[in-house]
Amino acid sequence: MAAPELQQAALDELIASLNPVQREAVMHLEGPLLIFAGAGSGKTRVLTTRIANLIAQRKVWPDRLLAVTFTNKAAREMRARVGRLVDGADEMWVGTFHHTAVRMLRRDAERLGVPRSFTIFDEDDSRAALKRVLDDLRLDPKKYPLSAILAQISKAKNELVDPETYQVDTYRDEIVRRCYERYEKVLRQSGGLDFDDLIVKVVRLLQGDEEARERWRDRFRYVLVDEYQDTNHAQYVLVNLIAGEHRNLAVVGDDDQSIYGFRGADVRNILNFKKDYPEAKVVNLEQNYRSTQDILDAAHNVIRNNEERAPKRLWTDRLDRERVQAAQLYNEVEEAEYVADEIARLRSTEGRRSGDFAVLYRINAQSRAFEDVFGRRRIPYRLVGGIRFWERREVKDLLAYLRLIQNPADTVSFARIVNVPRRKIGPVSVDAVVAAAAETGRDVLEVLANPDAVPNLPKPALAPLGRFRQEVASLRATLGALTPGELIEHVIEVTGLEGYYADGGPQGEARIENLRELRGLAGEFDSNPDRAEALETFLTEVTLRSDVDAYAEDEEGVTLITLHMVKGLEFPVVFLVGMEENLLPHRRAVENPQEMPEERRLCYVGITRAQDRLYLTCSFKRHLYGRSEASFPSRFLQEIPQGLLGPPRRGAAPVAPPRRGFRERFVERQVQAAPVPPPVQRYHEGDRVRHAKFGMGTVMKSTLTRTDEELVVRFDDAGVRIMNATYAQLAKQ
DNA sequence: TTTCTGGGCCTACAT
DNA sequence: GGCCCAGAAA
């Protein structure tokens with residue numbers, strides 16, 4: 001740790017190096033603050049410097065700061081960067097909404113009637129719990145699909161609606177309400193909380209328990225929320241419960257990058273911040289330090305087609321240019337081949353490393369062609385997401401053992417593994433045991449201790465259930481003595497899981513390998529001397545971990561990643577692939593136009609990841625969901641002016657709009673605007689101009705759009721402005 | 001009652 | 001291409 005005066009010097013230097021707008025944000029310490037932080041605008045620098053400044057200037061104890069980030073990775077980075085500037089960064093509460101909520105709940109759960117060692121249910125577990133409910137209510141799963149009901153329950157929770165207050169207008173609503181009610185009961189009896197509950201429970205705690213509310217408010221005197229555009233209603237209420245009174249709340253975000261609407265995110269939270277906090281200071285970070293102007297122009301021309309957005313435009317003082325490459329390939333394999341060719345070319349001509357490249361796509365299934373081609377061509381790659389490690393069957397099975405050991409009330413985990421490996425215990429027996437547990441309020445181990453008292457339990461299941469009980473009980477006896485890693489070894493040994501997965505083939509091998517990897521990952525928690533706590537932490541981390549969290553910037557390999565997970569990352573060379581109707585934008589949005597703006601933002605996020613070079617590709621034919629179909633270039637491609645696109649490289653065709661008639665059959669007709677004369681370029685980079693209000697300035701760039709000429713002008717006294725040539729009435733000097 | 005197999009169905013994004 | 005369920009065999 002550096003001496004305080006050295007740190008102070010580093011902090012001073014950092015503040016001096018900021019641009020004026022960034023500095024305004026850093027110097028605003030008390031009261032509400034809204035930072036609109038465009039892509040690549042140096043947001044992290046601003047936030048970490050501001051926190052360090054708060055600690056240094058205001059002598060705020062770091063443990064009274066709460067910073068909510070979007071990923072665990074972002075949290076780690078923030079903590080590390082603040083730590084370089086001031087002491088005590090470890091004391092800050094930095095984490096995702098879910099992590100923060102868990103930490104709060106572990107302290108106050110009992111005040112809510114939730115057991116302290118609650119189990120966190122991931123989506124898989126929620127499905128299993130709801131499946132049980134649907135069976136109990138004898139609902140036809142074809143008429144009431146699990147995923148639809150689950151989505152409706154999740155939506156209700158995100159809006160803080162309980163089963164009692166659930167609005168019922170139709171019979172179907174009533175069915176959903178009943179499912180919701182029963183589902184909550186299953187969770188309660190299992191000592192489980194689903195993802196949404198974590199937030200909801202904290203809200204209920206703060207609303208209903210004055211002592212807790214005052215304590216947490218006092219604790220978090222300064223609150224910062226990153227990616228505020230992606231907060232849902234429950235999270236919004238949570239933030240305001242903590243910070244609404246002292247009003248030391250800083251929120252950061254970019255409405256153009258709001259891409260989690262499907263998860264309940266509500267852009268209005270950021271757009272209405274000024275209404276909630278009229279005294280708020282608002283700062284707009286629009287200078288971009290990442291991309292070339294051509295890339296920013298392409299991004300702007302796409303996002304400007306969204307109607308409800310705060311008007312703004314990113315600009316850069318980078319002078320190098322490289323037009324965006326757009327190419328249409330025959331099918332997804334040739335698309336991948338084209339990308340591989342370009343990677344090989346840039347590696348040899350520009351000395352790029354494999355880690356400089358990223359392939360961004362809409363859906364995980366698109367990674368397949370790239371994995372195949374890169375594998376064949378020996379191009380190293382790193383796949384982020386996809387079939388996730390933590391969601392693999394064998395991993396979930398083993399975790400279910402750990403969860404049952406830790407929380408014997410967890411009937412969902414019990415039902416998952418009681419017959420894994422095969423023990424001749426079928427669904428009829430499982431139902432009987434779970435029903436008995438629900439009926440008597442006992443946990444699974446207690447019920448199994450006295451199986452004669454279980455109604456309708458098939459006799460042949462008695463002996464195997466007894467053996468199962470003994471296995472779990474003996475494992476549970478080691479709870480305080482073994483580290484998580486040792487416990488995993490022990491589980492594998494006692495249950496014979498490896499033998500169960502071994503099928504003599506590569507799949508079995510992979511499964512066993514995954515179990516060993518899990519053991520290795522658990523090793524990170526072995527240093528905690530409190531073994532029970534170590535297990536609890538391990539299980540929490542595992543459930544709330546996201547795939548980007550493990551992503552390290554400095555490793556080699558081309559990154560393959562979805563547009564959702566790539567937010568917050570940047571790459572020198574970006575390939576945004578599958579730019580096709582029904583893919584980007586996704587079919588759901590094409591059928592449901594109110595979802596279109598979010599698809600456009602997704603495209604915007606992808607484009608703005610690129611630093612030096614951007615490739616947009618689409619395929620003429622695409623093989624998806626088991627069949628091959630004709631594809632059409634994305635409307636977003638058509639939104640980028642031809643002048644920004646460079647000629648395609650060898651082996652690729654330029655993106656041509658499909659022939660008339662052909663296209664109309666498949667793609668909804670776009671509303672034709674009244675014809676306008678094409679604009680003429682009147683200004684050029686470097687021109688000196690005079691504006692009636694802003695005075696003298698220099699044109700930094702001029703872009704022809706479909707209807708006008710857009711100018712970025714740096715005025716000698718009024719800073720950088722973006723204007724349309726038609727309206728600006730500039731006089732050339 | 002449990003286990004195994006084949007056919008039908010649906011298909012993002014993810015804490 | 002993966003998941004769920006129905007129906008047959010043990």
Side-chain angles (χ1 to χ4, degrees), chain A residues 68-75 95-102 120-124 126-127 131 134-135 140-142 145-148 150-151 154 157-158 193-199 227 230-232 234-235 258-265 360-368 384-388 390-391 393 418-419 421-432 456-462 464 540-549 561-567 578 582-592 595 598-599 601-603 605-606 623-627:
Chain A
V68 182
T69 58
F70 202 65
T71 62
N72 298 301
K73 176 171 174 280
T96 62
F97 266 107
H98 291 92
H99 255 112
T100 306
V102 170
I120 303 169
F121 278 22
D122 69 10
E123 198 176 325
D124 226 45
S126 295
R127 285 182 75 91
K131 178 79 174 62
L134 292 180
D135 287 348
D140 177 5
K142 291 201 176 67
L146 212 49
S147 55
L150 204 57
S154 173
K157 290 192 177 191
N158 287 333
L193 298 181
D194 67 20
F195 284 140
D196 301 317
D197 278 338
L198 298 177
I199 312 295
E227 306 284 5
D230 283 326
T231 50
N232 62 36
Q235 292 166 334
S258 170
I259 55 174
Y260 282 95
F262 68 92
R263 222 163 67 183
L360 318 185
Y361 39 79
R362 180 64 177 82
I363 64 173
N364 279 308
Q366 286 174 264
S367 72
R368 190 60 185 273
V384 185
I387 310 149
R388 289 181 280 276
W390 303 104
E391 287 166 17
R393 202 183 80 193
V418 66
N419 203 31
R422 299 261 130 78
R423 294 185 177 95
K424 298 193 195 309
I425 303 168
V428 176
S429 307
V430 172
D431 284 351
N456 307 322
L457 187 66
K459 285 280 172 284
L462 273 176
T540 301
E541 296 278 314
V542 154
T543 316
L544 297 182
R545 186 173 289 196
S546 91
D547 291 299
V548 273
D549 293 339
I561 190 170
T562 65
L563 287 166
H564 281 91
M565 309 211 34
V566 81
K567 190 168 68 167
N582 294 328
L583 194 54
L584 180 64
H586 193 271
R587 163 171 273 125
R588 295 264 299 240
V590 174
E591 285 161 6
N592 228 345
E595 291 182 31
E598 183 148 315
E599 296 293 311
R601 293 193 288 266
L602 217 35
C603 180
V605 165
H623 188 81
L624 209 57
Y625 307 129
R627 57 171 182 270

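Order of the sequence lines fixes the chain letters, A, B, ..., with proteins taken first and strands second; residue numbering starts at 1 for each chain.
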* **Protein-nucleotide distance (A:Ile363, atom CD1; B:dA14, atom P), rounded to Å** => 11 Å
* Rounded to the Å, how far apart are A:Leu198 CG and B:dT15 P? -> 14 Å
* Using modelled atom types only, decide if a donor and an acceptor are shared between the side chain of A:Asp194 and the backbone of A:Phe121 within a distance under 3.5 Å. => no
* To do: Would you classify A:Lys131 as touching base, sugar-phosphate or nothing, given that sugar-phosphate means primed atoms plus P, OP1 and OP2, and contacts are heavy atoms under 4.0 Å?
  => sugar-phosphate
* Asked: Which whole-number value in Å describes the distance from A:Leu134 CG to C:dC4 C1'?
  -> 14 Å
* Asked: Counting side-chain heavy atoms from C-beta on, which of B:dA12, B:dA14, B:dT1 comes nearest to A:Val428?
  -> B:dT1
* Nearest 0.5 Å, what's the OH-CG distance between A:Tyr361 and A:Leu563? -> 9.5 Å
* To do: Could you please name the option among B:dA12, B:dT3, B:dT15 that lies closest to any side-chain atom of A:Lys424?
  => B:dT3
* To do: Name the nucleic acid region contacted by A:Asp122, choosing base, sugar-phosphate or nothing; use a 4.0 angstrom heavy-atom cut-off, strictly under.
  => nothing
* Figure out the CZ/P separation between A:Arg588 and B:dC10, and round it to whole Å. => 14 Å
* When only distance counts, do a donor and an acceptor, one from the side chain of A:Arg263 and one from the base of B:dA14, lie under 3.5 Å apart? -> no
* Asked: Are A:His564 and A:Phe262 close enough that their ring centers fall under 6.0 Å?
  -> yes
* Report which part of the nucleic acid A:Glu599 touches: base, sugar-phosphate, or nothing (heavy-atom distance under 4.0 Å, all strands). => base
* Rounded distance in Å - CG (A:Leu150) to C1' (B:dT15) -> 14 Å
* B:dT15 OP1/OP2 closer than 4.0 Å to side-chain N/O of A:Asn72 -> no
* When you measure from the side chain of A:His586, which nucleotide among B:dA12, B:dT15, B:dT2 comes out closest? -> B:dA12
* Which comes earlier along DNA chain B counting from the 5' end, the contact point of A:Val430 or that of A:Thr96, where each point is its nearest nucleotide? -> A:Val430
* Asked: Can you check side chain to side chain contact (heavy atoms under 4.5 Å, CB included) on A:Leu198 and A:Phe97, steps first, answer last?
  -> CA-CA 9 Å; A:Leu198 298 177; A:Phe97 266 107; over 6 Å; no
* Asked: When the ring planes of A:Phe70 and A:Tyr260 are compared, do they come out parallel, tilted or perpendicular, using 30° and 60° as the limits?
  -> tilted
* Rounded to the nearest Å, what distance is computed from the CZ atom of residue A:Phe262 to the P atom of nucleotide B:dT11? -> 16 Å
* Can you find a side chain N or O atom of A:Asn364 that sits less than 4.0 Å from OP1 or OP2 on B:dC13? -> yes
* Respond yes when some side-chain nitrogen or oxygen of A:Ser429 is under 4.0 Å from OP1 or OP2 of B:dT2, and no when none is. => yes
* To do: May I have the distance from A:Glu227 (atom CD) to B:dT15 (atom P), rounded to whole angstrom?
  => 13 Å
* Asked: With side chains defined as the heavy atoms from C-beta onward, is the minimum distance between A:Gln235 and A:Val68 less than 4.5 Å?
  -> no
* To do: Select from A:Ile425 and A:Leu544 the residue whose nearest nucleotide in DNA chain B is closer to the 5' end of that strand.
  => A:Ile425
* To do: Using a heavy-atom cut-off of under 4.0 Å over every strand shown, decide if A:Arg587 touches base, sugar-phosphate, or nothing.
  => nothing
* Asked: How many Å lie between CD on A:Glu541 and C1' on B:dT15, as a whole number?
  -> 13 Å
* A:Thr562 side chain N/O closer than 4.0 Å to the phosphate oxygens (OP1, OP2) of B:dA12? -> no
